[in-house]
Amino acid sequence: MPIFASDSEDEVVPSSKLFSRERSVHTLLGGGQVADMLLWRDKKISSAIMAVVTVIWFLFEVVEYNFITLLCHIFITTMLVIFIWSTAADLLNWAPPQIPKIVLQDSIFRDVASTFHVKFNKLLSQVIYIACGNDLKLFAMAVLFLWLVSLIGNYISSLNLLFLGILSLETLPFLYERYEKEVDYFAGKVYRKMRKIYKKFDSNVLDKIPRGPMNGKKGD
């Protein structure tokens, strides 16, 4: 049954998922570690990523750190910590700093690059598919979305826009999964109201636009 099929705003509508989806939010997000992170299934990783993103935004946007300067300061601090730790370890018989081998493994970088390559190819093929006009509705929505983002970009810096995007990814899926019934009910009311407005516009405006005769094959 299609979602929100009723035209009456007060009519009780059978419970159904937003966008007529049948799978869970976790499955739609990939069902892996990324989905767990976005839905806060692993709160330590999710909170750590959110904290790091917030600190980066604060340093660049509020403190107005330059990227190269910040990168150099991070490397300087890291080198000083390792140097002091190594020197103290020799003098005080402490355990020397253990650099995780996972950081130095070539396979990690190859796996990351391979994953990025696969995801990028899928995204690019989807963009080309939409741009070729195979799905006109999706094409119009994509153009409208990009146009809205371009308008927002005139008033919000790229860093703020990126931060808001990450913040939305970290909060909206989690909030939707938690308050799924309430969101579906509210979205249904909005959908029915917009559908009634469109029907009025169609009957009062679009149907009154004169149309030329349909071109058909003429008989002999």
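Just so you know, residue 1 is the first one in the sequence shown, and it goes up from there. Because the structure is predicted, anything quoted here is derived from the model rather than measured.
Taken from CZ in F145 to CE in M141, the straight-line distance is 10.0 Å, to the nearest 0.5 Å.
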Can you give me every donor-acceptor pair (side chain of residues 161-170, partner residue at least two apart or in another chain, under 3.5 Å) with its distance?
unit_1 : atom_1 : unit_2 : atom_2 : d
S168   : OG     : L164   : O      : 2.8

Would you list the atom pairs, donor with acceptor, under 3.5 Å between side chains in residues 68-77 and any protein atom, with sequence neighbours excluded?
unit_1 : atom_1 : unit_2 : atom_2 : d
H73    : ND1    : Y65    : OH     : 2.9
T77    : OG1    : H73    : O      : 2.8

Considering only distance and modelled atom types, tabulate donor-acceptor pairs under 3.5 Å from the side chains of residues 49-57, sequence neighbours left out.
unit_1 : atom_1 : unit_2 : atom_2 : d
T54    : OG1    : M50    : O      : 2.7
W57    : NE1    : N160   : OD1    : 2.6

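Looking at Q126 and L138, their side chains come closer than 4.5 Å, going by heavy atoms from C-beta outward. R195 places a side-chain heavy atom less than 4.5 Å from the side chain of K199. Contact annotation: the side chain of Y176 never approaches that of L39 to less than 4.5 Å [non-hydrogen atoms, C-beta and beyond].
By the 6.0 Å contact criterion, CZ on F60 is enclosed, its count of non-hydrogen atoms from other residues, nucleotides or ligands being greater than 12. For R178, the CZ atom sits in a loose shell: 12 or fewer heavy atoms of surrounding residues, nucleotides or ligands are nearer than 6.0 Å.
Panel note: side chain T87, backbone I84; no donor-acceptor pair is recorded below 3.5 Å. Proximity of a side-chain donor or acceptor of S150 to a complementary backbone N or O of W147 within less than 3.5 Å is detected. Although no hydrogens or angles enter the test, the distance criterion places no donor-acceptor pair under 3.5 Å between the side chain of S86 and the main chain of F83.
There is a path of hydrophobic side-chain contacts, each under 4.5 Å, that joins L59 to V62.
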